[in-house]
Amino acid sequence: MLQAIKYSKGKLEILDQLQLPFIEIFIPIRSTEDGWHAIKDMKVRGAPAIAIVAMLALASELTSALEGSMIPRSAEEMCQYISTKLAYLVTSRPTAVNLSDAARKLETLVLNRAKIAESRGSDVAHTFIQAAEAMLGDDLKDNQRIGHNGAEWIAKYAVKPGHSQVAVLTHCNTGSLATSGYGTALGVVRSLAANNTLQHAYCTETRPYNQGSRLTAFELVHDGIPATLITDSMAAALLASAEAGVGAIIVGADRVAANGDTANKIGTYALAVLAKHHGVKFLVAAPRTTIDLATKSGREIVIEQRPASEVTSIKGPRSDAESIDGASIESVQIAAPGISVWNPAFDITPSALIDGIVTEVGVVEKGAEGQYHLDGLFDAPSV
Ligand SMILES: CSC[C@H]1O[C@H](OP(=O)(O)O)[C@H](O)[C@@H]1O
């Protein structure tokens with residue numbers, strides 16, 4: 001399985017996703033500063049992956065400090081050290097809730113550990129490291145369950161009568177390159193393919209970072225899943241095409257508000273409007289770590305604004321390059337110099353346009369009154 005994150009006993013490496021799909025290179029993350037910059041620069045991206053890399057970056061830093069016995073000796077001082085580092089890490093990208101959710105949970109864990117009599121700084125550090133390491137396996141299990149639950153729902157509600165397969169469209173990258181493995185929305189595509197329910201997968205290029213053409217296409221080709229890349233502007237024509245027969249759109253999420261409004265990659269809202277117009281099911285796939293009950297609606301979600309250069313330039317290997325390496329990758333300008341640019345990384349899809357929210361504990365649909373009730377998800381035991 002494709003991996004964006006490699007970690008073993010305090011040694012963290014990430015696949016530099018700015019180089020994909022042309023160059024597969026893992027780079028070391030040795031500190032929280034390395035982690036912050038890798039997330040900010042989107043060398044690693046994807047709501048779950050961001051949280052995991054941030055926590056493991058701090059775990060790696062603590063592991064090195066423990067080996068060098070360079071850590072605060074008292075439990076209280078260690079808690080303060082960890083809290084300061086977590087507060088720094090969460091400033092890297094604001095929209096995805098997974099990072100701040102993980103920071104809050106692990107900070108609570110270490111504060112509780114420090115309350116045990118005779119605790120030392122090293123005891124608190126080990127507690128943090130173990131919890132951070134557990135995130136990798138937990139996320140993978142969640143994704144496999146999301147895949148199963150989403151594929152089951154699509155087979156039941158999006159496959160036309162008399163058919164056994166369905167074509168689906170996905171946006172951005174929500175696969176192994178956005179998580180610890182398998183993926184969320186792309187995990188559902190993987191499960192549909194494994195169940196022989198997938199007729200065809202369509203992926204949008206997802207301008208301007210091109211998560212679709214660079215990352216999702218890379219994953220679908222890697223897995224041998226029948227897939228076609230379209231530009232973002234082709235989505236309406238695709239949904240209007242009886243030949244394509246798209247029956248469902250499945251996307252990921254960066255933050256799902258308590259009422260089901262969802263922040264996701266820019267362009268998601270447009271796809272939800274198209275789905276409603278064409279009578280196509282629209283699903284959001286996300287682990288419960290992406291659901292933020294403290295945020296009441298999409299209006300409260302901060303949307304990250306990214307640099308203009310991501311819109312006005314594009315990177316790739318030179319067409320005359322005999323071999324593809326770092327030297328052959330060039331950036332070219334594709335917009336008129338002097339034009340101003342608006343580059344929000346995400347948009348908000350109102351819950352009214354979402355037919356279901358696929359999680360590791362099941363698919364939530366709106367109640368009879370047309371509202372989502374997501375708090376019940378947290379009473380459910382993790383299956
Ligand atoms: C399972 S990834 C969720 C989410 O993250 C992506 O954003 P980015 O590539 O900017 O980190 C995209 O919105 C995915 O749907």
Side-chain angles (χ1 to χ4, degrees), residues 2 4-5 14-18 20 38-54 92-102 135 138-140 142-147 150 169-190 203-219 232 249-256 262-272 282-292 298 301-307 310-311 343-349 354 357-360:
L2 277 173
I5 304 163
I14 60 166
L15 189 55
D16 180 354
Q17 298 190 30
L18 289 173
L20 286 177
I39 293 166
K40 183 71 175 178
D41 298 344
M42 295 180 69
K43 288 181 178 174
V44 60
R45 28 64 49 202
I50 288 170
I52 292 166
V53 166
S92 52
R93 292 185 76 191
T95 304
V97 69
N98 305 56
L99 173 49
S100 54
D101 177 66
M135 289 175 70
D138 291 350
D139 182 57
L140 178 57
D142 286 351
N143 297 337
Q144 289 163 335
R145 291 171 183 145
I146 288 169
L169 170 66
T170 192
H171 186 57
C172 196
N173 174 257
T174 58
S176 297
L177 297 175
T179 65
S180 66
Y182 202 72
T184 57
L186 203 58
V188 174
V189 173
R190 287 188 158 107
C203 60
T204 59
E205 67 177 343
T206 317
R207 289 276 297 143
Y209 182 94
N210 299 324
Q211 289 93 334
S213 54
R214 293 193 304 111
L215 307 179
T216 297
F218 179 76
E219 292 203 41
D232 301 319
I249 296 176
I250 176 95
V251 300
D254 290 83
R255 190 184 296 248
V256 181
T262 296
N264 196 53
K265 185 51 49 196
I266 188 75
T268 302
Y269 173 38
L271 293 176
F282 187 86
L283 289 177
V284 167
R288 286 179 294 173
T289 49
T290 305
I291 295 174
D292 176 14
I301 299 175
V302 173
I303 299 295
E304 177 188 8
Q305 301 297 319
R306 295 216 39 107
E310 292 180 356
V311 175
N343 185 17
F346 304 100
D347 58 24
I348 302 295
T349 298
I354 300 172
I357 298 173
V358 186
T359 76
E360 67 276 24

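Whatever order the structure lists them in is the order used to number ligands and atoms, beginning at 1.
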For [atom], closest protein heavy-atom neighbour:
atom: atom 12 (C) of ligand 1; value: Cys172 SG, 3.3 Å
atom: atom 1 (C) of ligand 1; value: Thr184 OG1, 3.4 Å
atom: atom 14 (C) of ligand 1; value: Asn264 OD1, 3.5 Å

So, Arg45 and Asn173: side-chain donor and acceptor under 3.5 Å apart, yes or no?
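Their side chains do contain a donor-acceptor pair, which is all the 3.5 Å distance test asks for.
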Please report the interatomic distance [atom1]([X]) to [atom2]([Y]), rounded to the nearest 0.5 Å.
X: Lys265; Y: Asp232; atom1: NZ; atom2: CG; answer: 11.0 Å
X: Leu283; Y: Ile249; atom1: CG; atom2: CD1; answer: 10.0 Å
X: Phe346; Y: Arg255; atom1: CZ; atom2: CZ; answer: 10.0 Å
X: Leu15; Y: Gln17; atom1: CG; atom2: CD; answer: 6.0 Å

Ligand-residue contact atoms, ligand 1 with [X], heavy atoms, under 4.0 Å:
X: Pro48; value: 1 (C), 2 (S)
X: Lys265; value: 7 (O), 8 (P), 10 (O), 12 (C), 13 (O)
X: Ala47; value: 2 (S), 3 (C), 5 (O)
X: Arg93; value: 8 (P), 10 (O), 11 (O)

For Leu186 and Thr174, which heavy atoms make the closest approach, and how far apart are they?
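For Leu186 and Thr174, the tightest heavy-atom pair comes out as N-OG1, 2.9 Å.
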Locate the shortest heavy-atom distance separating Ser180 from Ile52; write the atom from each residue and the value.
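Scanning both residues, the minimum pair turns out to be CB-CD1, 3.9 Å.
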Looking at ligand 1, does [X] have a heavy atom less than 4.0 Å from it?
X: Asp254; answer: yes
X: Glu304; answer: no
X: Tyr209; answer: no
X: Ala253; answer: yes
X: His171; answer: no

In the structure I gave you, are the side-chain heavy atoms of Val251 and Phe282 within less than 4.5 Å of one another anywhere?
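Answer yes - side chains close enough.
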Flag the pair Glu304 and Arg306 as a salt bridge only when some basic side-chain nitrogen lies within less than 4.0 angstrom of an acidic carboxylate oxygen.
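Salt bridge between Glu304 and Arg306, a charged N being under 4.0 Å from a carboxylate O: yes.
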Considering residues at least two apart in sequence or located in another chain, which fulfil the side-chain contact (heavy atoms from CB on, under 4.5 Å) criterion with Asp138?
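Asp138 satisfies side-chain contact (heavy atoms from CB on, under 4.5 Å) with Ala134, Lys141 only.
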Decide whether an N or O pair under 3.5 Å exists between [X] and ligand 1.
X: Asn173; result: no
X: Gly46; result: yes
X: Gln211; result: yes

Could you work out, for atom 9 (O) of ligand 1, the closest of Arg45, Arg255, Gln17 by heavy-atom distance?
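Among Arg45, Arg255, Gln17, the closest heavy atom to atom 9 (O) of ligand 1 comes from Arg45.
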